[in-house]
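Down below is the structure, laid out as structure tokens.
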Amino acid sequence: MLIDDNGSRVDQAAGLRRLMARPVVRILAMVDAAGDTLVHQLAERLGEQASPSLVVTPALGLVHQYPGGAVLQAQTRALIQADSADAVAWLCGGDVRFVLTSAPALPPEGIGAFASEMVLVLDAESQHEVAAGLTAAYGTLKQLHAREPAPRCHILVRGGQAAAAPALFSRLESVASRFLGMGLGFAGHIAGRGEPRSAVAHNAQADVARRLLALAPY
């Protein structure tokens with residue numbers, strides 16, 4: 001035990017434990033046929049709530065850092081080529097809370113392949129979209145259920161009436177629980193793809209970020 005200039009004790013062992021501790025980074029893949037836009041918006045909202053995040057886009061060879069959205073150069077290649085969750089955590093260090101990526105198709109590639117959390121986007125603009133979205137989401141859940149370990153899955157409803165979103169989630173949750181033994185999380189509701197960006201849309205995305213932050217790391 002050392003004494004610093006102010007006469008206080010310095011626990012060197014505590015410093016070493018902190019140095020050697022595995023960084024806690026939540027790796028989340030978003031399954032969204034619409035592309036990468038939403039994953040960047042979610043990273044923006046997480047950054048606004050003091051949760052620094054990275055968005056990794058392997059197909060483009062880019063890593064964006066939030067808050068700010070700047071392209072990260074120094075670690076980009078290493079992050080895109082990382083082969084395990086532990087490797088991602090060490091590359092990010094202790095300053096990044098989330099690493100996000102999109103997975104337009106399964107099985108996910110790159111970082112998405114070992115994400116411990118998945119957000120499935122369920123489009124609900126019309127009855128046709130709802131039926132197709134529920135079918136596609138259940139098919140995706142069956143594929144994810146076969147993974148070992150299975151990732152934690154959250155359902156995000158996009159479009160339609162916000163008041164109807166919990167009921168859509170409950171329908172999918174009931175079937176997933178009964179036939180797959182999977183528990184799902186409700187990530188919330190956001191505006192449809194064709195709706196203009198507004199304060200309402202921003203607040204809905206911020207609510208999704210808060211829901212994710214309220215969950216303990218998986």
Side-chain angles (χ1 to χ4, degrees), residues 25-49 51-59 64 66 85 88 96-125 129-130 132-145 147 149-160 162 165-166 168-173 175-177 180 182-193 201-218:
V25 178
R26 292 170 63 181
I27 303 174
L28 184 150
M30 180 173 290
V31 181
D32 183 7
D36 299 324
T37 299
L38 184 54
V39 77
H40 284 275
Q41 292 171 341
L42 181 56
E44 287 182 22
R45 303 294 88 79
L46 288 166
E48 291 168 359
Q49 297 181 42
S51 295
S53 303
L54 300 180
V55 171
V56 180
T57 312
H64 288 82
Y66 291 90
V88 173
V96 174
R97 288 281 304 276
F98 283 85
V99 172
L100 303 102
T101 190
S102 61
L106 293 179
E109 299 178 352
I111 283 179
F114 41 82
S116 59
E117 299 178 69
M118 308 284 287
V119 172
L120 278 60
V121 181
L122 175 60
D123 285 308
E125 290 286 1
E129 277 199 345
V130 168
L134 288 171
T135 301
Y138 184 66
T140 299
L141 289 171
K142 287 199 294 184
Q143 293 184 63
L144 294 175
H145 179 256
R147 287 177 58 184
R152 174 192 281 171
C153 293
H154 316 290
I155 306 301
L156 176 59
V157 179
R158 175 169 57 199
L168 286 176
F169 165 73
S170 294
R171 286 170 62 184
L172 187 57
E173 180 189 36
V175 173
S177 175
L180 300 176
M182 292 182 73
L184 305 179
F186 181 49
H189 171 272
I190 58 170
R193 284 172 286 177
H202 181 284
N203 291 340
Q205 294 169 10
D207 180 63
V208 174
R210 283 190 291 269
R211 288 174 183 270
L212 293 174
L213 286 169
L215 298 170
Y218 190 59

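Judged by distance alone, the side chain of Thr57 and the main-chain N or O of Val55 form no donor-acceptor pair under 3.5 Å. At least one donor-acceptor pair under 3.5 Å links the side chain of His189 to the backbone N or O of Gly159. Ser53 places no side-chain N or O within donor-acceptor distance of the main-chain N or O of Tyr66, the cut-off being under 3.5 Å. Between the Arg26 side chain and the Leu212 main chain, a donor and an acceptor come within less than 3.5 Å of each other.
Rounding to the nearest 0.5 angstrom, the gap separating the OG1 atom in Thr101 from the CG atom in Asp36 is 7.0 Å. Going from atom CE of Met30 over to atom CG of Leu42 covers 5.0 Å, rounded to the nearest 0.5 Å. Rounded to the nearest 0.5 Å, atoms CG (Leu54) and CG (Leu46) are 11.5 Å apart. Tyr138 contributes atom OH, which lies 13.5 Å from atom CG of Leu120 (distance to the nearest 0.5 angstrom). Taking CG of Asp32 as the reference point, atom CZ of Arg158 lies at 4.0 Å (rounded to 0.5 Å). For the atom pair CE of Met118 and CG of Leu156, the computed distance is 13.5 Å after rounding to the nearest 0.5 Å.
Here the shortest heavy-atom pairing between Ala150 and Leu144 reads CB-O, 3.7 Å. When all heavy atoms of Arg45 and Ala209 are compared, the closest pair comes out as CB-CB, 3.9 Å. Across Ala115 and Pro151, no two heavy atoms sit closer than the pair O-CB, 3.8 Å. Residues Val56 and Val99 come closest through the heavy atom pair CG2-CG1, 3.8 Å. Of all non-hydrogen atoms in Val25 and Val96, the two that sit nearest each other are CG2-O, 3.5 Å. Closest of all the heavy-atom pairs between His154 and Ala187 is CB-CB, 4.0 Å.
Considering only heavy atoms from C-beta on, Arg152 comes within 4.5 Å of Leu215 through its side chain. Using a 4.5 Å cut-off on side-chain heavy atoms (C-beta onward), Leu172 and Leu141 make contact. At a threshold of 4.5 Å between non-hydrogen side-chain atoms, the residues Leu213 and Phe98 count as touching. Residues Leu134 and Leu122 meet the side-chain proximity criterion, which asks for heavy atoms closer than 4.5 Å.
For Arg210, the CZ atom sits in a packed shell: over 12 heavy atoms of surrounding residues, nucleotides or ligands are nearer than 6.0 Å.
Taking the six-membered ring for Trp and thresholds of 30 and 60 degrees, His40 and His64 have ring planes more than 60 degrees apart, a perpendicular arrangement.
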